[in-house]
Amino acid sequence: LNETKGSLLDNVELVDTLEISKQTSKEVTEAVQIAEQTEIKIDAAREGYRPCAQRAAILFFVLNDLGKVDPMYQFSLDAYISLFNLSIEKSQRSAKLEERIERLNDYHTYAVYRSTCRALFEVHKLLFSFQMCVKILESAGKLNMDEYQFFLKGGIVLDRENQMDNPCSLWLEDQLWDNITELAKLANFHGIIESFEQYPRDWHTWFQSPEPEIAPLPGEWDSSLNELQRMLIVRSLRRDRVSFCAYKFIVNNLGSKFVEPPVLDMKAVWEDSTCRTPLIFVLSPGVDPNKYLKELADKCNMTARFNSLSLGQGQSVAATKRIKEGAKAGHWVFLANCHLSLSWMPQLDKIVEQLQIESVHKDFRLWLSSSPHPDFPIAILQSSIKITTEPPKGIKANMKRLYSQMTDAKFNACKKPEKYKKLLFCLCFFHSILLERKKFLNLGWNINYSFNDSDFDVKIFAFYFCFVL
């Protein structure tokens, strides 16, 4: 317009330019309106999946809290996001939003449980399941937090002068009575002290029951309490049965699969890893991961490229050299007993960090083993896949684990396969019972002996030797 001379109406070029500008302005306005409408639709669709985001956040913070249980339980947000994306891809789809959310939440919850259990010691797996269950119920508003706090802390009496006298002092200890008097202060337990005065024999019968968690409670308490409230009474009087209550609580709220940890599949662990992801065996007494690694290397045709080194004083130079050579040539490098070389761990941390940016052979794997130690680098723990190899709890779980270690070659090499398989079943069953009897320490034995996989391998070798020859 500034450069135009003469009448504006006579300038055809200017008129065309203004018309084009007007049309462009109209199109831009329409595009902005469409974008605003699309943004509203996207926000509405995204808001529909908020329950999935809430469940994912709950589970991540449960994982994050595991570091307070053991220093080796460290998990990174990046790895968790990858697991969540995998759950989105693999979970069953549905045209209905409610069904899709339910299926995604169920799939991801179990995926977190399955992937985390391989990194936990057996003693902590039930605790992990219970914590998942409690946090999910809390977010849904289905958990009385005052009752849950009592379940965690029990009853502590600060003023004994105003405490009611123990009417069952012949069989009920003062510490247990403290729990009952404090429990009576909760809204749903008013009158429980009077119940002990009215039904002392019934409470004594319940107290002596071998399975009080399923035994009927005296008076009206059997019908007036929900599952968590019954757990509070068991926690107050029979702490030895709390784990069984927690087991049942998890089954009723999440399902039985959350109390049956999957059998460790080393090949599946290897497939989940990458050449840049360290794999750490968290050691427990009597467990040697070297055997599992050699068997896996044989299955993956990596026996010739498998290098192992036990760390200790003066081994840092050799370990660094093997990692660099293995990263170029595609070897498996196993550094055992990292807890014996903690001074070298910061340097290992830098090496692992360099693996993320350098060119690495796709077949390369860095395997580590270490006993739990608070000084182990957190960065390595968060970026790695953690594995525990101790026997699981339960005869069924141990039978599955022992059978998973048997190969077809061992079955088919025997001259009398039918008899061999029957005896093998008996041997696996017997060994599983021996592992379950650890809870009784040296009862029935001269000394307390920890039966491990080495003992089972010796028995298998003897059987195999007899039947093959």
Side-chain angles (χ1 to χ4, degrees), residues 63 66 70 72-73 75 83 86-87 90 106-130 132 243 247 250-251 254-273 279-300 365 367 369 384-411 421 424-439 450-457 459-460:
L63 294 182
L66 287 175
D70 191 287
M72 302 298 280
Y73 298 160
F75 302 90
L83 180 62
L86 193 63
S87 298
K90 291 190 174 183
D106 291 344
Y107 185 94
H108 182 62
T109 303
Y110 186 65
V112 171
Y113 173 75
R114 186 179 63 247
S115 63
T116 306
C117 272
R118 66 188 180 195
L120 303 181
F121 293 118
E122 287 300 316
V123 69
H124 297 144
K125 290 180 179 179
L126 184 64
L127 174 63
F128 173 58
S129 298
F130 184 73
M132 287 176 59
S243 61
Y247 184 97
I250 296 166
V251 171
L254 290 185
S256 59
K257 62 183 180 181
F258 287 92
V259 292
E260 299 175 357
V263 177
L264 177 64
D265 186 351
M266 287 297 298
K267 192 168 185 180
V269 174
W270 167 69
E271 290 173 349
D272 290 343
S273 67
L279 299 101
I280 301 179
F281 289 98
V282 184
L283 300 178
S284 56
V287 174
D288 182 17
N290 199 40
K291 167 200 166 186
Y292 299 101
L293 266 182
K294 288 182 177 179
E295 291 179 352
L296 179 63
D298 186 52
K299 292 179 181 178
C300 300
R365 293 295 185 277
W367 304 84
S369 72
S384 66
I385 295 176
K386 291 165 287 296
I387 312 161
T388 57
T389 55
E390 63 178 352
K393 289 183 179 180
I395 294 177
K396 179 181 177 181
N398 273 297
M399 292 279 290
K400 285 184 176 180
R401 183 182 66 89
L402 294 173
Y403 265 97
S404 67
Q405 298 176 9
M406 303 299 296
T407 61
D408 293 337
K410 291 183 179 180
F411 276 123
K421 291 178 182 179
L424 178 63
F425 176 85
C426 295
L427 179 61
C428 292
F429 185 71
F430 180 66
H431 187 74
S432 300
I433 291 177
L434 293 179
L435 294 176
E436 279 298 289
R437 281 186 56 85
K438 285 182 180 180
K439 66 182 73 171
S450 178
F451 292 93
N452 52 42
D453 288 349
S454 299
D455 301 302
F456 181 74
D457 291 339
K459 301 169 194 172
I460 288 292

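What you see below is based on every heavy atom in this structure, not just the backbone, and it leaves out hydrogens, waters and symmetry mates. Counting from 1, the numbers follow the sequence of the chain as shown. What you see is a predicted model, and the numbers here were worked out from it, not measured in a lab.
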Asks: Can you tell me how far CG of L126 sits from OH of Y247, rounded to the nearest 0.5 angstrom?
Replies: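 Going from the OH atom of Y247 to the CG atom of L126 covers 9.0 Å.
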Asks: May I ask you to establish whether K125 and Y113 are in a cation-pi arrangement, using a distance under 6.0 Å from NZ or CZ to the six-membered ring centre and at most 45° from the ring axis?
Replies: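 No cation-pi geometry.
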Asks: Looking at CD1 of I250 and NZ of K257, how far apart are the two atoms once the value is rounded to the nearest 0.5 Å?
Replies: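 With rounding to 0.5 Å, CD1 (I250) is 14.0 Å from NZ (K257).
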Asks: Testing the basics here: between T388 and L264, what is the closest heavy-atom pair and its distance to 0.1 Å?
Replies: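 Scanning both residues completely, I find the closest heavy atoms to be O-CD2, 3.7 Å.
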Asks: Answer yes or no: is there a side-chain heavy-atom contact under 4.5 Å between P289 and L283?
Replies: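 SC-SC contact between P289 and L283 confirmed.
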Asks: If every non-hydrogen atom of N398 is compared with every non-hydrogen atom of S432, which pair is closest and at what distance?
Replies: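 Minimum heavy-atom separation between N398 and S432: CB-OG, 3.4 Å.
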Asks: How long is the gap from CD1 on I280 to OG on S369, to the nearest 0.5 Å?
Replies: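 The CD1 atom of I280 sits 9.5 Å away from the OG atom of S369.
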Asks: Could you grab the distance from atom CG of D455 to atom CG of L435, nearest 0.5 Å is fine?
Replies: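 Going from CG on D455 over to CG on L435, the span is 9.0 Å.
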Asks: Where is the tightest heavy-atom contact between L424 and Y403, given as atom of each residue plus distance?
Replies: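 For L424 versus Y403, the nearest heavy atoms are C-OH, 4.2 Å.
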Asks: With a 4.5 Å cut-off on side-chain heavy atoms, are Y110 and D106 touching?
Replies: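 Answer no - side chains too far apart.
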Asks: Does any non-hydrogen side-chain atom of F456 lie less than 4.5 Å from one of L434?
Replies: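 Answer no - side chains too far apart.
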Asks: Measure across M266 and L296 and return the closest heavy-atom pair with its distance rounded to 0.1 Å.
Replies: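 Answer, listing the atom of M266 first, then L296: O-CD2, 3.9 Å.
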Asks: What's the spacing between R365 CZ and C300 SG if we round to 0.5 Å?
Replies: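 SG of C300 is found 9.0 Å from CZ of R365.
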Asks: To check you understand the geometry: which heavy-atom pair defines the closest contact between L402 and C428, and what is its length?
Replies: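 Looks like CD1-O, 3.7 Å.
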Asks: Is it true that, when you exclude K396 itself, more than 12 heavy atoms of the residues, nucleotides or ligands shown sit nearer than 6.0 Å to its NZ?
Replies: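 12 or below, so no.
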Asks: Are any non-hydrogen side-chain atoms of R118 and D272 less than 4.5 angstrom apart?
Replies: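 Of all side-chain heavy-atom pairs linking D272 with R118, at least one is under 4.5 Å.
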Asks: Is any side-chain heavy atom of L63 closer than 4.5 Å to a side-chain heavy atom of F128?
Replies: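 Yes, close enough: below the 4.5 Å cut-off.
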Asks: Do I387 and Y292 touch side chain to side chain, with heavy atoms closer than 4.5 Å?
Replies: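 A side-chain contact under 4.5 Å is absent here.
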Asks: Write down the atom of K386, the atom of M72, and the distance for their closest heavy-atom approach.
Replies: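 Residues K386 and M72, closest heavy atoms: CD-O, 3.2 Å.
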Asks: Examine distances only and state if a side-chain atom of S129 and a backbone atom of F258 form a donor-acceptor pair shorter than 3.5 Å.
Replies: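 Answer holds: yes.
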Asks: Do W270 and K299 have side-chain heavy atoms sitting under 4.5 Å apart?
Replies: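 Side chain of W270 against side chain of K299, heavy atoms only: no contact under 4.5 Å found.
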Asks: Relative to each other, are the rings of F121 and Y73 parallel, tilted or perpendicular (30° and 60° limits)?
Replies: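 If you compare the ring of F121 with that of Y73, the planes turn out tilted.
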Asks: Could you measure the distance from the CD atom of E122 to the SG atom of C117? Nearest 0.5 Å is fine.
Replies: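 Output value for this atom pair is 8.0 Å.
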